[in-house]
Every structure is written in C-alpha cells, then in structure tokens.
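Atoms within a ligand are numbered from 1 in the order they appear, just like the ligands themselves.
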Amino acid sequence: MKETTAKKLSLRGAVPLSHFFLRQLVCPGDLAVDATCGNGLDTLLLAELVGEGGKVWAFDVQPRAIVATRELLEKEGRRECVELIEAGHERLSEFVPKGVKAAVFNLGYLPGGLSAGALAKAGEHPLVTSPQTTVSALEQAASLLVAGGIMVISLYTGHEGGPEEAQAVESWGAALPPKHYNVWCSRQLNRPPLAPYLVLVEKV
Ligand code: SAH
C-alpha cells in the first residue's frame, strides 16, 4: 500500500488535529466524506486512508475547488476512489449511503481564492459556508455515520459570519444526545482567541 503524503505529525492548528484523529480511525476499505473539499488536502488524506477498496465523496459548490481537488488527486495517483460532487453539502444524503466512517467539514473560505473585492469585480460572490446549510449537512452526516465513526469540524471565526456559524455548530453539537454521540470542542489555548478550533463528534 502507498504511504500517505503528509507523513509528519503536527498538532499545530485545527486541521492538523483533525488529521490526527482521522489517521487513528479511518482504515482501508472505509467510506468517508469531505463536505468542503476546497483545495483538496483533506480529500487526499481520506483517499490515502481508505485506499483502493474504499470510497470518498467530496463536495464543493465552487467549480474552482472541484478542479483543484481533481488535479491534486490525479497528481498523487488517488483519483480512483473519489467521487467529486459539484453541489452543496446540504444535499449530502442524496449522494452518500449509510455506513460512513468519517466526515470532514473544513468551514469558512477557500484559501487562495479571490479576495472579496476581486470577486465583486468579477460579479461573483465570496463562497463562504453558512450556518443553515452547514447545520443541515452536519445533521445528515451524523445520521450516516457507523457506530465508532467520527465527524471533524474545523471552525473559523475571523471572517464576517464566522462567529455565528461557529455558534450554530456548537449549539447543534451540544444538543446531540450523549447516549448516541460524544461531542468535543478543542481550542489551542496558546494561540490568539480567533485561531481556528475543532469540534469532534463520535457516534457511539
Ligand atoms: N477556511 C478553510 C478552508 C475552507 S474551504 C481554510 O482556511 O483552510 C471551504 C469550502 O467550502 C470552500 O471551497 C467553499 O467553496 C465550500 N463551500 C461553501 N459552501 C458550501 C456548501 N454549501 N457545500 C459545499 N461546499 C461549500
């Protein structure tokens, strides 16, 4: 089996911490979802972990994100097991069956995308995730998890609308029944208060 590309372990930041959990849990043959593929780094890790016998569904509403993810997967020889879906993750259960081992939500803006000003000039809107569709997708993903499956949600509060989305995710997680889900919130205490943080959901 091929080695994963990001070999070096780091716990600096929400996304590296989410990868730490994914590496513990996701095995060859598993089913996984990347709800916000963006530049494709989470999709690539999931594809490496599930291997040729597994499957990953990767969603994004921006064509440029789907293209970037496809190119990265092709470059790394991991295109086979990934279904790329140019649609909102609020439609998750239309595409993904039950039995998911891991679902990744990396919220906020696409890094390296155009600035708000440049987008406005081009007549495009900045495509940032939003509370209502995010919570709808989280709800669907939670119902598709296998027992022992996880969701990792990286939250960003430094942009307009970010704090409201983070609050919506926390309220959603806090309301999950503890009999069926374990829900964690991890913040890096020695970084600025606006640093991204991680919410982790395990299905019991
Ligand atoms: N903020 C992160 C990256 C987030 S990428 C970082 O800095 O690393 C978030 C992705 O979610 C973007 O590519 C955006 O296009 C996508 N997105 C926004 N709304 C979406 C939706 N409803 N469904 C799926 N993807 C969505």
Side-chain angles (χ1 to χ4, degrees), residues 5-6 10-22 32-47 56-73 82-96 100 102-116 118-120 122-144 151-170 172 186-188 191-200:
T5 26
S10 159
L11 295 184
R12 184 183 170 80
V15 172
L17 183 62
S18 76
H19 286 192
F20 176 78
F21 287 113
L22 293 170
V33 173
D34 186 352
T36 49
C37 65
N39 290 325
L41 288 170
D42 297 320
T43 310
L44 176 60
L45 177 67
L46 291 173
V56 180
W57 288 263
F59 292 81
D60 207 291
V61 283
Q62 291 197 62
R64 80 181 73 210
I66 297 291
V67 169
T69 302
R70 179 181 298 120
E71 285 175 355
L72 180 65
L73 294 170
V82 181
E83 187 172 331
L84 291 165
I85 303 163
E86 193 184 315
H89 45 222
E90 60 278 10
R91 295 178 55 198
L92 202 111
S93 49
E94 284 176 41
F95 297 90
V96 183
V100 170
V104 177
F105 287 76
N106 192 350
L107 301 173
Y109 285 102
L110 177 62
L114 298 181
S115 70
L119 283 165
E124 291 180 41
H125 296 288
L127 281 165
V128 61
T129 52
S130 66
Q132 214 189 342
T133 44
T134 296
V135 169
S136 165
L138 290 172
E139 194 66 39
Q140 294 173 48
S143 73
L144 298 176
M151 295 163 67
V152 286
I153 309 153
S154 294
L155 292 167
Y156 298 78
T157 53
H159 62 279
E160 203 188 315
E164 290 76 10
E165 180 176 48
Q167 190 49 57
V169 172
E170 285 195 32
W172 170 80
S186 302
R187 285 178 184 277
Q188 201 168 345
R191 290 190 74 190
L194 287 184
Y197 65 102
L198 186 73
V199 165
L200 175 78

Exercise for the section: Hey, could you give me the CD/OG1 distance between Gln167 and Thr157, rounded to the nearest 0.5 Å? Expected result: 11.0 Å
Completion exercise
So CZ of Phe59 and CD1 of Ile66: to nearest 0.5 Å the spacing works out to 9.5 Å
Exercise for the section: Would you please say whether a donor-acceptor pair under 3.5 Å links the side chains of Glu90 and Ser136? Expected result: no
Would you be so kind as to tabulate the donor-acceptor pairs closer than 3.5 Å made by side chains of residues 35-45, with sequence neighbours excluded?
residue, atom, partner, partner atom, Å
Thr36, OG1, Asn106, N, 2.8
Thr36, OG1, Asn106, O, 3.0
Asn39, ND2, Pro111, O, 3.0
Asp42, OD1, His19, NE2, 2.6
Asp42, OD2, Asn106, ND2, 3.3
Thr43, OG1, Asp34, OD2, 2.7

Exercise for the section: Fit a plane to each ring of Phe105 and His89, take the angle between them on a 0 to 90° scale, and name the class: parallel (under 30°), tilted (30 to 60°) or perpendicular (over 60°). Expected result: tilted
Handout entry: Thr134 side-chain N/O to Pro131 backbone N/O, donor-acceptor pair under 3.5 Å
Key = no
For ligand 1, run through the N/O pairs with the protein that fall under 3.5 Å and put one pair on each line.
residue, atom, partner, partner atom, Å
ligand 1, 1 (N), Leu107, O, 2.8
ligand 1, 1 (N), Tyr109, O, 3.1
ligand 1, 8 (O), Tyr156, OH, 3.4
ligand 1, 13 (O), Asp60, OD1, 3.4
ligand 1, 13 (O), Asp60, OD2, 2.7
ligand 1, 15 (O), Asp60, OD1, 2.6
ligand 1, 15 (O), Gln62, NE2, 2.9
ligand 1, 22 (N), His89, NE2, 3.4
ligand 1, 22 (N), Glu90, OE1, 3.0
ligand 1, 23 (N), His89, N, 2.8
ligand 1, 23 (N), His89, ND1, 3.2

